[in-house]
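Every heavy atom of this structure was used, including side-chain atoms; hydrogens, water molecules and symmetry mates were not. The structure displayed is predicted, hence computed values, not measured ones. The chains referred to below are lettered A, B, ... by the order of the sequence lines, with proteins before strands, and numbering in each begins at 1.
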Amino acid sequence: MITPRSYKGMRDHLPDAMRLRRYITDTLIDVLRRYGFEELSTPIVEYAETLEGKIGEDEKLLFRLQFGSDQLALRYDQTVPLARVIAANEGKLGMPFKRYALGQSYRGERQQRGRYREFWQLDADIVGVDSPVADAEVIAIVCESLQRLGFAGARVLINHREILSGLARVAGVEAEAAANVYRIIDKLDKIGLDQVREQLVQSGVSADAAAKICDFISLEGAPDTVLAAMQSTLGDDEAASAALANLRAIIENVALLGVAPESYTLSPALARGLSYYTGCVFEAVLAEPPMGSLLGGGRYDNLIGMFSKRSLPTVGFAFGIERLYDLMVELKMGPTFERFIDAYVTIFSPELEPESLRLASELRAAGLSVLTAYGPARLGTQFSEADRKGATLALVYGPDDASANLVQIKDLRTGAQEPAARDQIVAAVQQKLQT
RNA sequence: GUGGCUGUAGCUCAAUGGCGGAGCACCUCACUGUGGAUGAGGGGGUUGUGGGUUCGAGUCCCAUCAGCCACCCCA
C-alpha cells in the first residue's frame, strides 16, 4: 500500500472548500468582465530561461524540472508568462489589451500561514498603456472586488517605485544599497520605526540618511497631505517629482472611478519584492486577522521588453485565492451553500425505478441539477441522503402516485409535501424552487 | 533554506512511564410510503512514520515526515 500523502505546502480542495473557492473566483471574474477583461491562460510549465532574471532573489524558490535535455520550471507567478505570450502575440491582441487568468503558481517556500508551495491566483493586467487611468482602474477593480466579497475593512496601500528610488537618492544611499533599503522599510508595519532605523544603520546607511528615510515613511494622512509632504522632501529630484505627479494623477482617477476614500491610502513604506515593478505599486491588507497581503500588483513597463524588441507599458495585479479563501473560512464569510442540488429523485421499488430515472432525466433536460437514488431503499434513508447531499426538493413516485399519475414533491427545507401532476412535473418543480 | 513549538478516531480534545477514552460526526435498527428529533446498538486507532531506552512507551531519547510560529521573502 502506498501512503496517501500530498507534497508539503500543497493541498487538496474537497467539495466543501471548492464551493467557496468557486464563489470567490466567480465573483472576482464577474467584476473583471464588467471592466472588459478577457481570459488569457498560459501553461504551468515554462522554459527556465523565461522565468530567470525577472523576480529577483527569490529565483532560488523556482521549482525546476528537467525533461530530456529541456531545462524547465513551474511558473512562479502569472505575470512573467504573460509578458512572454504578449511578446509572441502582440500583433494578434490589439492594444490596449486587458486580460485575466486564473491558475496555480509554485514557489518553493517553507509553508506557513497564508503561504503555500502551490497557490492559486487570479491575475489581471492592462497591457499597452502608460496612462494613470489604467493604474487607477486596476486599483478601483481591487477595491470593488474586495467589497463584493465582503471585506469591508480591507485597505489598499499604494506607493510608487520611483518615489522610493528618489528617497534613496535624496537620502544619499548608494544605488546598490537601495534594494536593501526597500526591503527594510517594507517591514515597517511588522517591526516598527525604531527597528527599521536600527536595521538601516546596521546595513550601512548613515544615521542621517536613516533619520531622513524614517521621517519619510512615517508620513500618513489624506493623499493630498502625504503627496505635499513627499514633494517637499523629494522636490529637487526630477524623477521623483515625475513619479509624484504620476501618483497624484492615479489617485485623482481612483476617486473619479467612484472608490470610497477610506478604502485606499498612500503608504510610503510599501516596497513590494518583485524586481520587475517600475511605477505604482499596491497591495491590500486586512487589519485582523493577520494574513499578509490579499493581493499585490503594480506597474511593470519593462518586463515585456525582455521578450521583445519593443517594450509595452503594463499594469497588473494578482488576487491571492488561498489567502482570500482562508480568511473567509476563518471569518465565516460568504454564502452558506446549504442547498446546491435542486432535486433528489427517490426510487420506491424495482418496478418503479425506470420511471424515477425518466423523471430525473426530464428535470435535467430542463437545466436542473438532479440526484437519484441508485436503487430502492427505505424512503427515510433516501430523504436523509437527499438532505445530506444538499437537495432542495425530494421527489417520490410510489405505487399510489403511479396509479393517480402524480408525483410527490417534498420540500426538504420545510418538510411540506404536495402532489403534482406527472406530466406537469418540470413546471411544478421549477415553481417550487422559486419559493 | 535556518531556528523554535506541535502531532492521539473524520473533527475537537482527555489519558501520573502501567488495560488507549469522551463529545460531536458516521453506519444500523426502533421506522416495509417520509429526513432533521429521541432512544438502542455498531464500526472505526499500528497514538504521523522508523528506530532506541525500559519489565512496560501515547508519555522519555534520536531520526524522519507533516503542520504551526519566527527569520528570509511573499499571494
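- Arg388(A) has its CZ atom 18 Å from the P atom of G10(B), to the nearest Å.
- Taking atom P on both nucleotides, G7(B) is separated from U47(B) by 15 Å, rounded to a whole Å.
- At a threshold of 4.0 Å, the pair Asp130(A)-Arg299(A) does not count as salt-bridged, since none of the basic side-chain nitrogens sits closer than that to a carboxylate oxygen.
- Both distances falling under 3.5 Å, in either a Watson-Crick or a G-U wobble arrangement, place C13(B) opposite G21(B).
- Interface remark: the Arg107(A) side chain does form a donor-acceptor pair with the A75(B) base, using a distance-only criterion of under 3.5 Å.
- Residue Arg113(A) places its side chain closer to C68(B) than to any other of G67(B), A75(B), C68(B).
- Counting distance only, with no hydrogens placed and no angle test, the side-chain atoms of Arg323(A) and the base atoms of C74(B) include a donor-acceptor pair under 3.5 Å.
- No more than 12 heavy-atom neighbours from other residues, nucleotides or ligands sit within 6.0 angstrom of CD on Glu338(A).
- The side chain of Tyr116(A) lies closest to A75(B), out of G33(B), A75(B), C72(B).
- The residue Arg339(A) sits close to a base: some heavy atom pair falls under 4.0 Å.
- Nearest to the side-chain atoms of Phe383(A) among the listed nucleotides C74(B), A75(B), U34(B) stands U34(B).
- Going from the C1' atom of A63(B) to that of A70(B) covers 24 Å, rounded to whole Å.
- On a pure distance criterion of 3.5 Å, a polar donor-acceptor pair joins the side chain of Gln417(A) and the base of U34(B).
- Using a 4.0 Å cut-off between charged nitrogen and carboxylate oxygen, Arg197(A) and Asp194(A) count as a salt-bridge pair.
- Residue-level contact check: Asp411(A) touches the bases, meaning some heavy atom is under 4.0 Å from a base atom.
- Looking at heavy-atom distances under 4.0 Å, Glu283(A) makes no contact with the nucleic acid at all.
- No engagement by Lys389(A) is indicated, since no non-hydrogen atom pair under 4.0 Å with the nucleic acid exists.
- Nucleotides C31(B) and G41(B), compared at atom C1', are 15 Å apart to the nearest Å.
- Residue contacts shown for Asp77(A) are absent, as no nucleic acid heavy atom lies under 4.0 Å away.
- U53(B) sits 8 Å from C60(B) when the C1' atoms are compared, rounded to a whole Å.
- Judged by Watson-Crick or G-U wobble contacts below 3.5 Å, the nucleotide G35(B) has no partner.
- Using a 4.0 Å heavy-atom distance criterion, Gly415(A) is classed as a base contact.
- Rounded to the nearest Å, the gap between the P atom of U38(B) and that of U64(B) is 49 Å.
- Residue contacts for Asp387(A): at a heavy-atom cut-off of 4.0 Å it reaches a base atom on one of the strands shown.
- Between the C1' atoms of G10(B) and G43(B), the separation comes to 13 Å (whole Å).
- Between the P atom of U2(B) and the CD atom of Gln111(A) lies a distance of 17 Å, rounded to the nearest Å.
- For Glu109(A) against A75(B), a side-chain-to-base donor-acceptor contact under 3.5 Å is present.
- Comparing C13(B) with C27(B), their C1' atoms sit 23 Å apart, to the nearest whole Å.
- Using a 4.0 Å heavy-atom cutoff across all strands shown, Leu295(A) reaches sugar-phosphate atoms only and no base atom.
- Salt-bridge annotation for Asp123(A) and Arg75(A): absent, with no side-chain N of the basic residue lying under 4.0 Å from a carboxylate O of the acidic one.
- Looking at heavy-atom distances under 4.0 Å, Glu385(A) makes no contact with the nucleic acid at all.
- Closest to the side chain of Lys187(A), from the set C74(B), A75(B), C72(B), is C72(B).
- Residue Phe348(A) is in base contact, counting any heavy-atom pair closer than 4.0 Å across all strands shown.
- In the displayed structure, Glu174(A) atom CD is contacted under 6.0 Å by at most 12 heavy atoms of other residues, nucleotides or ligands.
- One P atom belongs to A15(B), the other to A22(B), and the distance between them is 15 Å to the nearest Å.
- The base of C71(B) has none of its N or O atoms less than 3.5 Å from a complementary donor or acceptor on the side chain of Arg110(A).
- Base pairing analysis places G3(B) opposite C69(B); the two distances defining the Watson-Crick or G-U wobble pair are each below 3.5 Å.
- Looking at heavy-atom distances under 4.0 Å, Gln382(A) makes no contact with the nucleic acid at all.
- Among the heavy atoms of the strands lying under 4.0 Å from Gly9(A) are primed sugar atoms or P, OP1, OP2 only; no base atom is included.
- If you check every strand for non-hydrogen atoms under 4.0 Å, Lys410(A) touches a base.
- Taking the charged nitrogens against the carboxylate oxygens, Arg21(A) and Glu322(A) do have a contact shorter than 4.0 Å, which makes a salt bridge.
- The partner of U54(B), taking Watson-Crick or G-U wobble pairs whose two distances both stay under 3.5 Å, does not exist in any strand shown.
- Not a single donor-acceptor contact under 3.5 angstrom links the side-chain atoms of Arg378(A) to the base of U34(B).
- Using a 4.0 Å heavy-atom distance criterion, Asp400(A) is classed as a base contact.
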